[in-house]
Engineer: 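Please find one structure pasted underneath; my questions will follow.
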Number of protein chains: 2
Amino acid sequence: MLSREQELIQTLFAPLAATAEGAAGLKDDAAVYRPAAGCEVVMTTDTLVESVHFLPGDPAGLVARKALRVNLSDLAAKGAAPRGYLLSVSLTGEQDETWLKAFAEGLAADQEAYGCVLLGGDTVATPGPFTVTVAAFGDVPEGRAVRRGGARHGDLVYVSGTLGDAGLGLAALRGEDLGPLGEAGRTDLIGHYRLPVPRVELAPSVLAHASAAIDISDGLAGDLGLLCWASGCGARIAVADVPLSESARRIVSHDSKWQETCLTNGDDYEILCSVPPDGAAAFEADAHEAGVPVVRIGEMTREEDGARFLDERGNPLVFASASYSHMR
Amino acid sequence: MLSREQELIQTLFAPLAATAEGAAGLKDDAAVYRPAAGCEVVMTTDTLVESVHFLPGDPAGLVARKALRVNLSDLAAKGAAPRGYLLSVSLTGEQDETWLKAFAEGLAADQEAYGCVLLGGDTVATPGPFTVTVAAFGDVPEGRAVRRGGARHGDLVYVSGTLGDAGLGLAALRGEDLGPLGEAGRTDLIGHYRLPVPRVELAPSVLAHASAAIDISDGLAGDLGLLCWASGCGARIAVADVPLSESARRIVSHDSKWQETCLTNGDDYEILCSVPPDGAAAFEADAHEAGVPVVRIGEMTREEDGARFLDERGNPLVFASASYSHMR
């Protein structure tokens with residue numbers, strides 16, 4: 001005689017743990033995880049709250065995938081290969097079995113895409129908003145995890161992909177005027193906000209070559225600031241070199257106020273990393289091989305120089321808000 | 001220039017991670033965990049929601065310690081020695097710095113008591129109730145974690161401590177009539193509800209001798225049911241042998257309806273385990289050495305017999321509710 005909680009776990013979630021011996025079919029309250037030989041575990045956790053990190057009415061599958069992906073993005077920035085995750089959900093009673101089934105299907109799709117499995121979790125009731133916490137785990141060779149604090153003066157600064165699409169997508173969702181953006185571009189930007197793409201494929205290149213790395217969840221300016229702070233460095237970024245998508249470029253050309261959105265808004269989940277100059281060519285080659293675009297946008301400087309964004313004439317930009325704060 | 005979130009993390013929480021090299025001073029978004037030589041990682045997670053798992057107005061330090069302890073209890077039931085944890089908190093704005101300081105102090109006290117350290121976490125804002133998720137990690141020798149599913153027909157069933165105190169404490173908090181219970185007894189029972197004691201000291205005895213184990217978070221009847229289900233066994237429990245505290249015994253003598261509370265209410269966080277007969281004497285001796293009282297209450301039977309609680313005349317009890325369900 002199982003409780004409704006146990007029935008749900010066995011029906012919807014146990015299949016997600018089927019290939020993980022250490023998950024014991026989710027019949028246990030704890031999982032066992034053994035790192036690969038010569039490896040240690042990288043662990044990270046992120047919580048998403050309805051109305052704060054996603055919108056009420058967002059499809060269940062997208063919410064599930066975003067919750068997993070923001071964690072996989074953290075692992076990628078450490079150079080770790082994802083392996084498994086714990087899942088805690090606080091249910092309000094609005095999530096019926098259909099909704100939960102779609103939630104589990106979203107997880108199943110991303111498990112397949114990124115090579116990780118459910119290991120365990122917890123299911124509770126809440127009078128508040130639906131809340132999901134994922135803790136994700138990956139392997140790195142012992143002592144090799146890439147930290148935020150390893151950048152050195154003279155290292156080159158790289159980012160993956162393009163920046164600002166998620167921030168502009170959120171602006172589009174809020175009905176703000178993005179100028180010449182057509183419907184296809186709008187849909188594309190909103191997609192970036194709703195469902196980030198973690199740069200899991202870049203992890204081996206980061207592991208092999210980066211001196212420090214962070215995933216951009218709070219905006220380039222804010223996360224570069226954290227990397228500088230942890231490393232005891234400054235940085236000089238050439239704004240003209242920051243990669244923008246075609247849509248973002250058109251929006252910024254139309255009204256330059258959107259440039260700050262691209263540089264300071266979160267949810268991009270691209271990788272920002274520093275690479276010693278003698279490893280730069282190999283890093284670029286490895287990233288190319290992995291199919292992930294990376295662009296050099298500046299270099300690390302001395303701590304007293306701070307983190308500076310320079311326009312094409314070499315003048316520093318000043319931002320109204322350096323980064324999104326979760327604690328506002 | 002750190003955000004308020006980063007300031008809080010550095011001021012209140014980084015000291016909790018000071019001795020964990022893998023936590024990198026909480027300047028990173030991920031931690032590194034290396035199991036001891038020959039060991040693997042046991043991981044578990046539990047979420048507590050205000051008004052569901054603790055009462056609004058409960059002291060911050062107690063909430064923090066309960067959040068950690070319910071996880072340490074899960075580790076103990078697997079035979080794992082606790083080492084570290086990730087902490088995710090969803091803040092409503094009512095938790096000011098004084099409250100958060102008391103919360104961190106509660107964690108510090110239990111880190112000291114149970115030998116574990118903060119490894120990382122996440123801090124987010126929520127419009128809903130304060131919610132805390134802990135994921136806890138411990139080491140066990142490879143392949144040796146004690147599962148729920150390992151019990152066999154003929155194994156003896158043991159529990160640690162006494163059962164029902166937390167459930168009766170909750171009844172006392174709700175103002176229910178507990179008969180002859182004095183103020184000291186009332187305070188003691190409420191203490192059991194507010195702050196469970198995880199049986200961390202029993203973990204080595206469980207590891208050495210138990211065929212299956214579970215911590216009692218949903219009541220003896222419900223959790224025995226889970227152990228039977230996972231193991232493909234039944235069980236026969238002699239109700240007269242179930243250990244009760246002096247207070248609980250007086251309450252049950254006064255009105256036998258409270259017996260069901262003791263057998264079916266959660267939050268005891270004692271260890272329920274099965275031990276093969278030839279290991280029973282050594283298990284009892286090791287538990288005694290560890291200072292944890294354990295009592296034999298029955299034995300595992302065949303699956304078709306189900307999990308039965310027998311009174312002194314050998315008649316099976318029937319419970320109104322077999323266990324607390326989080327999904328009510």
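Each chain gets a letter, A, B and so on, in the order its sequence line appears, and its residues count up from 1.
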Engineer: Any heavy-atom pair between the side chains of B/Tyr85 and B/Leu72 that's under 4.5 Å?
Structural biologist: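 A side-chain contact under 4.5 Å is absent here.
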Engineer: Establish, yes or no, whether a centroid distance under 6.0 Å links the rings of A/Phe137 and B/Phe137.
Structural biologist: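 So the answer is yes for these two rings.
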Engineer: What part of A/Ile214 gets within 4.5 angstrom of chain B, counting heavy atoms only: side chain, backbone, both, or neither?
Structural biologist: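 Nothing of A/Ile214, per the 4.5 Å heavy-atom cut-off to chain B.
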Engineer: Sort out for me which of B/Gly121, B/Ala135, B/Gly149 touches chain A most, counting heavy-atom pairs under 4.5 Å.
Structural biologist: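 Heavy-atom pair counts peak at B/Gly121.
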Engineer: Step through the shown structure and confirm whether more than 12 heavy atoms of other residues, nucleotides or ligands are within 6.0 Å of CD on B/Glu304.
Structural biologist: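 Atom CD in B/Glu304 is crowded, with more than 12 foreign heavy atoms closer than 6.0 Å.
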Engineer: Most heavy-atom pairs under 4.5 angstrom with chain B, which of A/Asn71, A/Asp74, A/Leu87?
Structural biologist: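 That would be A/Asp74.
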Engineer: Would you mind checking which part of A/Val49 comes under 4.5 Å of any heavy atom in chain B, side chain (CB onward), backbone (N, CA, C, O), both or neither?
Structural biologist: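 Side chain only.
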Engineer: Of the options A/Thr44, A/Asp268, A/Asp215, which is the one that meets A/Ser73 in a side-chain hydrogen bond (donor to acceptor under 3.5 Å, both in side chains)?
Structural biologist: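 Going through A/Thr44, A/Asp268, A/Asp215 one by one, the side-chain hydrogen bond (donor to acceptor under 3.5 Å, both in side chains) with A/Ser73 is satisfied by A/Asp215 alone.
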Engineer: Can you say whether A/Thr47 sits under 4.5 Å from chain B via the side chain, the backbone, both, or neither, judging by heavy atoms?
Structural biologist: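 Answer is both: backbone and side chain atoms of A/Thr47 are under 4.5 Å from chain B.
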Engineer: Using non-hydrogen atoms only, which part of A/Thr126 is less than 4.5 Å away from chain B: side chain, backbone, both, or neither?
Structural biologist: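 A/Thr126 touches chain B through backbone and side-chain heavy atoms alike.
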Engineer: Of all of B/Asp28, B/Val32, B/Val42, which one pairs up most often with chain A through heavy atoms under 4.5 Å apart?
Structural biologist: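 Of the options given, most contacts go to B/Asp28.
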Engineer: For the residue pair B/Ala23 and B/Leu119, what are the closest heavy atoms and their distance?
Structural biologist: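 Scanning both residues completely, I find the closest heavy atoms to be CB-O, 3.4 Å.
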Engineer: Which residue out of B/Arg34, B/Glu21, B/Lys78 racks up the most heavy-atom pairs below 4.5 Å with chain A?
Structural biologist: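 Greatest number of close heavy-atom pairs with chain A: B/Arg34.
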Engineer: Any side-chain heavy-atom pair from A/Pro141 and A/Leu207 closer than 4.5 angstrom?
Structural biologist: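 They are in side-chain contact.
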Engineer: Please tell me if the side chains of B/Phe130 and B/Leu91 come closer than 4.5 Å, counting only heavy atoms from C-beta onward.
Structural biologist: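 Of all side-chain heavy-atom pairs linking B/Leu91 with B/Phe130, at least one is under 4.5 Å.
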Engineer: Please rank A/Asp29, A/Thr131, A/Leu86 by heavy-atom pairs under 4.5 Å with chain B and give me the top one.
Structural biologist: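 Result: the option with the highest number of such pairs is A/Asp29.
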Engineer: So what's closer than 4.5 Å to chain B heavy atoms on A/Leu48: side chain, backbone, both or neither?
Structural biologist: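 No part of it gets close to chain B.
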Engineer: Flag this pair as yes if the NZ/CZ of A/Arg83 is under 6.0 angstrom from the six-membered ring centre of A/Tyr33 and inside a 45 degree cone about the axis; otherwise no.
Structural biologist: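 Ring-cation test returns yes.
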Engineer: Check the pair A/Leu220, A/Phe309 against side-chain contact (heavy atoms from CB on, under 4.5 Å), reporting the backbone distance first and the verdict last.
Structural biologist: CA-CA 10 Å; A/Leu220 173 62; A/Phe309 286 79; 3.6 Å; yes
Engineer: Pick whichever of B/Val89, B/Leu226, B/Asp46 has the most heavy-atom pairs under 4.5 Å with chain A.
Structural biologist: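 Heavy-atom pairs under 4.5 Å are most numerous for B/Asp46.
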Engineer: Identify which of A/Glu40, A/Met43, A/Glu50 forms the greatest number of heavy-atom pairs closer than 4.5 Å to chain B.
Structural biologist: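 If we count pairs closer than 4.5 Å to chain B, A/Met43 comes out on top.
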Engineer: So which part of B/Thr45 gets closer than 4.5 Å to some heavy atom of chain A, the side chain, the backbone, both or neither?
Structural biologist: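 For B/Thr45, the contact with chain A is made by backbone and side chain together.
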